[in-house]
Amino acid sequence: MSELTAEQLIQSPGDWQRSHHCAQTDLALLGQDVCLMGWVQYRRDHGGLIFIDLRDREGLTQVVFSPDHNLQAHQEAHVLRPEYVLAVKGTVRERPEGMRNPNLKTGQIEVVVKDWKLLNTAKTPPFPIEDRIDVSDHLRLKYRYLDLRRKGMTRNLRLRHEAVQSVRNFLNAEGFLEVETPVLTKSTPEGARDFLVPSRQHPGHFFALPQSPQLFKQLLMLGGQEKYYQIVRCFRDEDLRADRQPEFTQIDLEMAFVQEEQVMRLAEDMIKNVIADTVNQELNTPFPRMSYSQALDTYGLDRPDTRFGLLLHDVTDIVKDSAFKLFASAEMVKAIRVAQGGHISRREIDDLTEYVKIFGARGLAWIKIKEDQWHSPIAKFLGEEEKQQLVRELGLEAGDIVFFQAGGADMVRTTLGNLRLKLAEKLDLIPEDRLDPVWITDFPLFEWDQEEKRWAACHHPFTSPRDDDRDLLESAPERARARAYDLVLNGCEIGGGSIRIHTPELQSRMFQALGISREEAESKFGFLIEALKYGSPPHGGIAFGLDRLLMILGRTDSIREVIAFPKTQKGTCLLTDAPTPVPSKQLAELGLRVRDEQPR
RNA sequence: GGAGCUGUAGUUAAGUUGGUUAUAACGCCGGCCUGUCACGCCGGAGGCCGCCGGUUCGAGUCCGGUCAGCUCCGCCA
């Protein structure tokens, strides 16, 4: 028997056809001949007997090369290495007593090789194709195609597929039409930074990639399509986070002739359905609702995680005459009681103090409640009356610890809102298997843009004010409420929408309130205002961040885990090396020149 | 634009107060092995300690810078 190298053994599959997937081989197939194709997961070469765990997308099957069944095959199979690609034909047989593997779905059986083909060899992968190995993000992204072979990524891609199918099935049944909208579109003011695409045919002119299909979906309502949806890529040229990628996917939908209730009911039914179809969990509808101001008051954030307590209490009034000047002079003082948190050490408090500084806090006041006294750097400033009121407001008991934050309202809320999350994580208070949705409603229409010194749309400039707040647009914009709603799941904003403005008059007033001049409104949004003049139906909708929803359902802490080919935090692709410079000829065609081009 | 963490063999990590030849496990290569299943046993190879500079008799270790990955602030209607 001549010794052939692995490369010499490579063959084409020829007329071999795969009969089963590796996960399908079980006792029901006993005695049958099957043809499997896949990759070598593990090889256990005993010399006289070779076991290969063959992997395909669906699972693993043990195949056995035995000289008793095919001498040549057995001898050739010594060349097999991890990730080699092979096809085997063989017989499914029950494993001998005591040789079964209960950890493997197909562990009752094995496939005895009658004939096989080596379809391809493989370099030794830079990291093992196994879930239990933690590999650096850098390597995983550079060799993403190898990372995708791992079970975790395969599972996440399947989850994504199932979620998308569920959404389509649901919305199709509800009478929605899936319509595509342009990816090459118009740059608009407001919102995130646009990705620009230069126009070759019109030098100096640019398309923008859509931040969302917002205007087109409204135009589809104007186009009489009544119920639209799209699972659509959106682009925002802003810095990345664990839950943010420059391109991400929205489940976008819009309905004509509806009010808030219909959109919210439909949306929660859709989400309920997706969750049942993917992770087999049942949510109760209707989802709970909370006003924006209540969310800020009790959770500090507009995306409350309602899976645990640690609520914020306002104690501004209690300490307004305190001897502790920091409290007395503050615009707002809030507190979090951690029941039986007195064991938190000085060292841990120091870490938390460092943590809150990220949010602009100067420090972190705390009190440990003991049986006989209050242990705290600030206890000496607090009078009996103040202490009594704090006990009442916070429900204090011996063994508790209380954290305080005093200062500007925004800072206090943000700081304690984030501290609350930090504490919950640290103290393991988050029930990981819970899915707690909550609608946030009653958003303000505007928020003050400190940098631009003007009002900015809280949601977007097409969101309708409440009917009875219309006159506030000019007189008291800060009091105007929006017909907007966000859906928050486990403290993550997974969707948001609104009832839109559908008359040209109101839309023009909105632009005015935002400080957008008549001329600018005309040049940027003229087509919309014009369109609204031709019988626009009242309409509204919502858009969900598919990736974020999948992060929660897949119980992963990074958006990269649910995207096949994500970008790094610096917005690059380690696999393709994009973005790259382009030849000057290509730039010239576009009428572009790169300023201060560095020699490379 | 800013802050923090990380960077040592193919991979994951250890590396003490700055001190001789930089460890371990897995992987890889060679050999043995007919019931393993993350097979086992014997042997072997494998290092620009991210990069540049500085301090020092001497730097993986200290300092400055820089690059990359990650987390966060700003930003994200």
Side-chain angles (χ1 to χ4, degrees), chain A residues 41-54 60-69 74 78 81-83 95-104 106-107 110 112 123-143 146 188-194 211-212 214-215 234-246 248 351 354-361 411 414-415 418 422 443 445-447 449-452 455-463 482 484 493 496 498 510 514 516 543 545 557-558 560 567-570 572 574:
Chain A
Q41 179 70 43
Y42 302 112
R43 112 193 124 105
R44 295 178 292 280
D45 186 341
H46 291 222
L49 205 57
I50 301 171
F51 298 98
I52 296 294
D53 285 346
L54 190 68
L60 289 181
T61 298
Q62 173 167 287
V63 304
V64 189
F65 289 86
S66 163
D68 307 336
H69 287 80
H74 171 261
H78 289 299
R81 293 292 181 274
E83 301 310 311
R95 295 199 195 180
E97 196 64 41
M99 304 301 163
R100 292 169 192 157
N101 185 347
N103 301 320
L104 207 57
T106 59
E110 61 193 2
V112 195
K123 286 175 71 178
T124 301
F127 55 86
I129 311 302
E130 292 177 36
D131 255 24
R132 62 197 171 83
I133 307 286
D134 264 335
V135 184
S136 74
D137 286 277
H138 186 97
L139 267 187
R140 291 182 59 196
L141 292 177
K142 181 168 177 188
Y143 297 95
L146 298 179
T188 53
E190 303 271 313
R193 212 173 279 120
D194 285 324
Q211 298 178 26
S212 83
Q214 182 60 37
L215 291 171
C234 302
F235 306 86
R236 293 178 191 177
D237 187 8
E238 298 293 348
D239 287 350
L240 287 78
R241 286 288 187 280
D243 63 352
R244 262 163 44 189
Q245 283 271 310
F248 61 100
D351 288 347
E354 276 311 300
Y355 175 70
V356 297
K357 286 179 181 171
I358 296 172
F359 306 101
M411 186 281 289
T414 305
T415 298
N418 283 292
K422 189 81 172 176
F443 282 87
L445 190 59
F446 301 102
E447 57 194 0
D449 185 330
Q450 191 58 41
E451 260 179 39
E452 303 272 325
W455 291 103
C458 205
H459 201 62
H460 58 54
F462 318 107
T463 296
E493 185 202 319
S498 63
M510 184 70 181
L514 289 168
I516 299 173
D557 48 15
S558 168
R560 296 184 300 278
K567 305 280 188 286
T568 68
Q569 203 189 28
K570 287 217 168 70
T572 65
L574 292 179

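Proteins come first, then strands; the chains are lettered A, B, ... in the order of their sequence lines, and each starts at number 1. Reckoned from all heavy atoms, side chains included, excluding hydrogens, waters and symmetry mates. Here the structure is a predicted model, which means the values were calculated and not measured.
Distance from the side chain of A:T568 is smallest for B:rG69 among the nucleotides B:rC75, B:rG69, B:rU36. When the nucleotides B:rC33, B:rU71, B:rC73 are ranked by their closest atom to the side chain of A:H46, B:rC33 comes out on top. Picking from B:rU36, B:rG10, B:rC33 the nucleotide with the shortest atom distance to the side chain of A:P126 gives B:rG10. With distances taken from any side-chain atom of A:T124 to the nucleotides B:rU71, B:rG27, B:rG69, the minimum falls on B:rG27. When distances are taken from the side chain of A:F51 to each of B:rC70, B:rU36, B:rC72, the shortest belongs to B:rU36. Across B:rC72, B:rG74, B:rU34, the shortest atom-to-atom separation from the side chain of A:Q569 is found for B:rC72. Across B:rC76, B:rC72, B:rG35, the shortest atom-to-atom separation from the side chain of A:L49 is found for B:rG35. Closest to the A:D68 side chain, of the nucleotides B:rG69, B:rU71, B:rU34, is B:rU34. Closest approach to the A:R81 side chain among B:rU71, B:rA68, B:rC29 is made by B:rC29 (side chain taken as heavy atoms from C-beta onward). For A:D53, counting side-chain heavy atoms from C-beta on, the closest listed nucleotide (B:rU36, B:rC28, B:rC37) is B:rC37.
Looking at A:R100, its side chain has no donor and acceptor atom pair within 3.5 Å of the base of B:rG35. Residue-to-nucleotide contacts include no donor-acceptor pair under 3.5 Å from the side chain of A:R43 to the base of B:rC39. Below the 3.5 angstrom threshold, one finds no donor paired with an acceptor across the side chain of A:R44 and the base of B:rC33. Judged by distance alone, with hydrogens and angles left aside, A:R244 brings a side-chain donor or acceptor within reach of the base of B:rC76, the pair sitting under 3.5 Å. For A:R95 against B:rU36, a side-chain N or O and a base N or O form a donor-acceptor pair under 3.5 Å.
Pairing for B:rU17 is absent, with no Watson-Crick or G-U wobble pair whose two atom distances lie under 3.5 Å. Across all strands shown, B:rG4 forms a Watson-Crick or G-U wobble pair, both distances under 3.5 Å, with B:rC70.
To the nearest whole angstrom, the two P atoms, one in B:rC70 and one in B:rC26, are 30 Å apart. Taking atom C1' on both B:rA9 and B:rA25, the two are 12 Å apart, rounded to the nearest angstrom. The gap from the C1' atom of B:rG50 to that of B:rG60 amounts to 12 Å, rounded to the nearest Å. Between B:rU8 and B:rC73, the two C1' atoms lie 31 Å apart (nearest whole Å). Nucleotides B:rG4 and B:rU66 are separated by 13 Å at their P atoms, to the nearest Å.
Among the atoms of the strands shown, none is found under 4.0 Å from any heavy atom of A:A456. A:T572 comes within 4.0 angstrom of the backbone, heavy atoms only, and of no base. Using a 4.0 Å heavy-atom criterion, one finds that A:H460 contacts the bases of the nucleic acid, with or without backbone contacts as well. In this structure, A:P82 reaches the sugar-phosphate backbone alone: every heavy-atom distance under 4.0 Å involves primed, P, OP1 or OP2 atoms, never a base. The residue A:N103 sits apart from the nucleic acid: no heavy atom pair falls under 4.0 Å.
Nearest-nucleotide positions on RNA chain B place A:L139 closer to the 5' end than the other of A:V64 and A:L139. Nearest-nucleotide assignment on RNA chain B puts the 5′-proximal partner with A:P128, out of A:P128 and A:E110.
When the C1' atom of B:rG4 is taken as reference, atom NZ of A:K422 falls 11 Å away, rounded to whole Å. Atom pair A:F359:CZ and B:rC72:P shows a separation of 10 Å (rounding to whole Å applied). Rounded to whole angstrom, the span from the CZ atom of A:R241 across to the C1' atom of B:rG69 amounts to 16 Å. Summarising the geometry, the separation between CD on A:E238 and P on B:rC73 is reported as 14 Å, rounded to the nearest angstrom. Distance CD1 (A:I129) to P (B:rU11): 13 Å, rounded to an integer number of Å. In this structure, A:D237 atom CG and B:rC75 atom P are separated by 16 Å, rounded to whole Å. Spacing between atom CG of A:D239 and atom P of B:rU71 amounts to 13 Å, rounded to whole angstrom units. Here B:rC76 presents its P atom at 11 Å from CZ of A:R236, a figure rounded to the nearest Å.
A:F65 has its side chain out of reach of A:R43: every pair of non-hydrogen atoms, C-beta onward, lies at least 4.5 Å apart. By the 4.5 Å heavy-atom criterion applied to side chains, A:L574 and A:R140 are not counted as neighbours. Within the 4.5 Å cutoff, the side chain of A:R560 has heavy atoms near those of the A:Q245 side chain.
Here the closest non-hydrogen pair linking A:A242 and A:D557 is CB-O, 3.8 Å. Considering every non-hydrogen atom in both A:S212 and A:R236, the closest pair reads CB-NH2, 4.1 Å. A pairwise comparison of heavy atoms in A:D449 and A:A456 identifies CB-CB, 4.2 Å as the closest pair.
Classification of A:D239 and A:R244 as a salt-bridged pair fails, no side-chain N sitting under 4.0 Å from a carboxylate O.
For B:rC70, the OP1/OP2 oxygens have no side-chain nitrogen or oxygen of A:R140 closer than 4.0 Å. Of the side-chain N and O atoms in A:S136, none sit less than 4.0 angstrom from OP1 or OP2 of B:rA68.
Using bins of under 30°, 30° to 60° and over 60° for the plane-to-plane angle, the ring pair A:H74/A:H78 lands in the perpendicular bin.
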